[in-house]
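To keep things clear, I will list the structure first and then write my remarks on it.
Residue numbers count from 1 along this sequence.
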Amino acid sequence: MKNNIKLAILSMSLMGLASCDMDAPSISTLDESSVFATYSLAESEVMSIHVSFGETNSYRGRFLPYYGVNTDVEWGNAPSYADRVSDKQSLWNYSTQAANGQMNTANNAYAKFYEGIERANLAIKGIRQYGNIENNADMRHLLGEALTLRAVIYNDLLKAWGDVPARFEPNNSDNMYLPRTNRDVIYKQLLADLLEAEDYCYWAKENAITKTTERVNKDFVKALRARLALYAGGYGLRGDGYRLSKDPELAPEKMYQIAKQECEEVIAHGSSKLGSFKENFVKLCQDNVTAGGESLWEIPFSAGRGRVLYTWGLKHNAKDQYTQQSQGGINRAVSTLYYDYDPEDIRRDITVVPYEWSKDLKDGNAHVVLSGLNKMCFGKLRYEWMNRIVTSTNDDGVNWQYMRLADVYLMAAEAENELGNTAAAWNYMKPVLDRALPAAKVAALQTKYTANQQAFREGIYDQRALEFAGEALRKADLVRWGIIDQKMAEAKAKLQALQTRTGDYAGLPDKVYLKTVENESEIEIYGLNKGENDATVINGFEGDWESKNWFGSADKPSLTDDIIDGLYVATPSLNCLWPIWQNFIDSSNNMLNNDGNYGQLSD
């Protein structure tokens with residue numbers, strides 16, 4: 001399935017005619033009624049939606065690399081205030097312009113998202129009309145899958161662009177040009193669509209269709225509905241400011257109730273299970289798409305497609321023993337993130353990595369080298385964990401994990417707390433912490449977080465950062481909570497304190513030491529934690545050890561004012577949306593504009 005569902009299957013240019021459906025009509029007789037009455041052909045049409053995910057400037061090369069930075073835990077490589085108006089920096093630093101050179105093309109993510117929506121609309125219409133869903137459970141699942149994939153795309157449109165045109169019917173002469181639609185209308189449609197899809201889709205592993213995480217299952221449908229409810233009931237930038245919706249149907253308490261119910265039903269059903277934190281990411285790197293573990297749904301990329309590890313993975317500076325692609329590290333961890341973790345939190349050394357693989361090879365092998373305080377990589381995705389050698393110069397073929405079960409647990413915890421049930425909320429946070437921290441420290445956090453509703457709320461803020469850093473969830477979380485300005489200001493202040501090693505960062509050692517080995521399992525690091533400057537230990541190092549002045553020098557600090565000030569250059573809450581790109585404004589027959597902070601002025 002990992003390869004089959006990524007083929008370019010366009011409407012009415014169908015594959016699979018020599019399939020197990022022996023009664024499939026010949027190509028000369030194909031029409032809409034034939035396609036959507038035959039399971040294998042209808043399935044091909046639904047799978048064609050994935051093609052829009054993998055197009056060069058769609059999710060693959062534009063949305064996944066650029067949406068999600070900068071936050072208080074994630075930033076693009078080499079942020080710079082001096083370079084703040086460049087195309088890449090301005091995509092990250094909350095100053096994006098409609099003519100952005102990375103985005104302002106006719107084949108960009110915005111267009112490809114609507115291409116995927118059109119394919120979904122055609123499939124939904126055709127299966128409803130010809131799929132005999134009343135008597136065919138597999139056809140019902142396909143309908144639910146198409147509804148869900150359409151909701152995935154709209155979710156990302158709304159996160160990135162705010163109010164956008166609502167297209168829920170195939171394109172025709174009457175709806176070719178549409179204005180922006182109040183996002184509340186779209187959210188309500190998506191919530192209804194996903195409620196319908198729940199009735200159609202199989203649970204994870206329930207049958208052959210849902211044995212893989214590359215196919216939609218009921219676990220994911222419910223989890224996505226919970227996520228959309230939290231976004232719909234949260235803060236957003238609108239035409240008259242940054243605020244909650246005024247629609248009573250999207251009131252926060254109603255949205256939290258939806259999230260609570262959906263998440264708790266997924267957890268209670270038990271078709272998907274939490275494993276170890278590391279195991280989830282190793283399986284992702286190894287192309288293990290067996291459903292029933294932590295991964296609920298992944299955007300599928302073929303071996304020669306997708307820039308996932310390329311963008312969010314551990315940096316390799318040359319072709320080496322692990323990869324024939326010298327990439328990774330395009331997006332990096334904010335320098336303070338490593339120090340936000342408890343030293344005993346197993347998530348720390350998996351998520352934040354203070355080394356890279358060198359460009360200097362010996363017998364074709366690279367060794368590890370220290371990266372730098374301002375260039376720490378995310379380590380959840382690693383070439384060295386893969387079961388294959390990447391040979392493409394631009395793509396790695398690792399899937400994008402869109403939803404995992406830990407998110408469901410923490411959404412359930414958040415919803416319970418916001419509904420006034422802090423004790424019940426802890427029961428959903430605890431399993432996520434149990435696998436990360438020693439029991440005594442989990443107990444201490446229980447005491448801290450369950451003191452009152454606000455304490456637990458702040459615990460959610462912190463734990464979602466530590467759990468999902470490097471997964472591009474943080475920006476949307478900060479926006480919906482209404483705290484993006486506060487957290488981004490705190491991030492700058494923390495970076496300034498780290499720069500001078502004051503406050504929480506006082507006492508950190510000058511130097512970090514790394515054993516420069518060629519095997520990942522043999523890496524040793526000393527000097528990142530307070531107290532790791534014992535001269536006896538340092539003098540006892542044997543073999544090849546590299547040392548680095550982690551904070552630089554007085555005349556050349558590792559963290560400069562230019563880097564810190566480049567984190568954001570305008571008020572994040574008022575600039576958290578991308579504009580619709582000028583190319584689409586110009587071709588919209590005067591129906592689209594970027595007035596009103598990229599949102600429609602409406603209730």
Q | Candidate list Asn77, Asn374, Leu337, Val352, test side chain to side chain contact (heavy atoms under 4.5 Å, CB included), partner Arg332, passing option | A | Asn77

Q. How are the rings of Trp312 and Trp400 set to each other: parallel, tilted or perpendicular (split at 30° and 60°)?
A. tilted

Q) Between the main-chain N or O of Lys487 and the side-chain N or O of Asp72, is there a donor-acceptor pair closer than 3.5 Å? A) no

Q) Is any side-chain heavy atom of Tyr231 less than 4.5 Å from a side-chain heavy atom of Leu158? A) no

Q: Can you sort out the partners of Tyr339 under ring-ring contact (aromatic ring centres under 6.0 Å, His included), two or more places apart, ordered by chain and number?
A: none

(Q) Walk me through whether Lys188 and Glu249 qualify under salt bridge (Lys or Arg N to Asp or Glu O under 4.0 Å). (A) CA-CA 8 Å; Lys188 288 190 287 187; Glu249 294 182 49; 3.6 Å; yes

Q. Quick one: is the NZ or CZ of Arg501 closer than 6.0 Å to the six-membered ring centre of Phe551, and within 45° of its axis?
A. yes

Q: Look only at the side chain of Asn70 and the backbone of Leu567, and say whether a donor-acceptor pair between them is shorter than 3.5 Å.
A: yes

Q.
As a quick check of understanding, evaluate ring pair (Phe, Tyr, Trp, His ring centres under 6.0 Å) for Tyr110 and Phe584, giving each step before the final call.
A. CA-CA 9 Å; Tyr110 182 85; Phe584 304 111; 5.0 Å; yes

Q.
Are Phe113 and Tyr59, when compared by the centres of their aromatic rings, separated by less than 6.0 Å?
A. yes

Q.
Within a 6.0 Å radius of atom NZ on Lys448, are there more than 12 heavy atoms belonging to other residues, nucleotides or ligands?
A. no

Q | Heavy-atom donor-acceptor pair, Arg180 side chain to Asn593 backbone, under 3.5 Å | A | yes

Q. Between the main-chain N or O of Arg84 and the side-chain N or O of Asn93, is there a donor-acceptor pair closer than 3.5 Å?
A. yes

(Q) side-chain contact (heavy atoms from CB on, under 4.5 Å), that's the test. Do Arg227 and Leu473 meet it? Break it down for me. (A) CA-CA 11 Å; Arg227 182 181 285 179; Leu473 292 175; 3.6 Å; yes

(Q) I'd like to know whether Tyr568 forms a side-chain contact (heavy atoms from CB on, under 4.5 Å) with Trp75, so could you lay out the CA-CA distance, the side-chain angles of the two residues, the decisive distance to 0.1 Å, and finally the verdict. (A) CA-CA 10 Å; Tyr568 65 94; Trp75 57 9; over 6 Å; no

Q | Derivation of the side-chain contact (heavy atoms from CB on, under 4.5 Å) call for Trp385 and Leu381 | A | CA-CA 8 Å; Trp385 288 348; Leu381 302 169; over 6 Å; no

Q) Going by distance alone, is a donor N or O of one side chain under 3.5 Å from an acceptor N or O of the other, for Thr500 and Thr502? A) yes

**Q.** Option passing salt bridge (Lys or Arg N to Asp or Glu O under 4.0 Å) with Glu294 (candidates Lys273, Arg404, Lys283, Lys278)
**A.** Arg404

Q) Under a 4.5 Å cut-off applied to non-hydrogen side-chain atoms, are Ser90 and Val85 in contact? A) no

Q. Considering residues, nucleotides and ligands other than Tyr81, do more than 12 of their heavy atoms fall under 6.0 Å from its OH?
A. no

Q: Taking atom NZ of Lys375 as the centre, report whether more than 12 heavy atoms of other residues, nucleotides or ligands fall under 6.0 Å from it.
A: no

Q. Would the Tyr235 and Tyr242 ring centres measure less than 6.0 Å apart?
A. yes

Q: Dump the intermediate steps for salt bridge (Lys or Arg N to Asp or Glu O under 4.0 Å) on Asp342 and Lys441, then the final yes or no.
A: CA-CA 9 Å; Asp342 184 289; Lys441 292 194 171 180; 3.0 Å; yes

Q: Please assess Thr105 against Asn583 for the test side-chain contact (heavy atoms from CB on, under 4.5 Å), listing each intermediate value before the final yes or no.
A: CA-CA 6 Å; Thr105 61; Asn583 175 80; over 6 Å; no

Q: Answer yes or no: does atom NZ of Lys430 have more than 12 heavy-atom neighbours from other residues, nucleotides or ligands under 6.0 Å?
A: no

Q: Would you confirm whether Asp219, through its side chain, and Ala204, through its main-chain N or O, come within 3.5 Å as a donor-acceptor pair?
A: yes

Q. Between the main-chain N or O of Gly470 and the side-chain N or O of Glu74, is there a donor-acceptor pair closer than 3.5 Å?
A. yes

Q.
With salt bridge (Lys or Arg N to Asp or Glu O under 4.0 Å) as the criterion, how do Lys494 and Asp504 come out once you've worked through the C-alpha distance, each side chain's angles and the decisive distance to 0.1 Å?
A. CA-CA 9 Å; Lys494 287 168 63 177; Asp504 291 340; over 6 Å; no

Q) Do the numbers put Lys475 on top of the ring of Tyr67, so that NZ or CZ is under 6.0 Å from the six-membered ring centre and no more than 45° off the axis? A) yes

Q | ring pair (Phe, Tyr, Trp, His ring centres under 6.0 Å) between Trp481 and Tyr461, worked out | A | CA-CA 9 Å; Trp481 287 327; Tyr461 297 162; 4.7 Å; yes

(Q) For a 4.5 angstrom cut-off between non-hydrogen side-chain atoms, does Met411 reach Arg464? (A) yes

(Q) Keeping Thr571 on the side-chain end and Leu574 on the backbone end, is there a donor-acceptor pair under 3.5 Å? (A) no

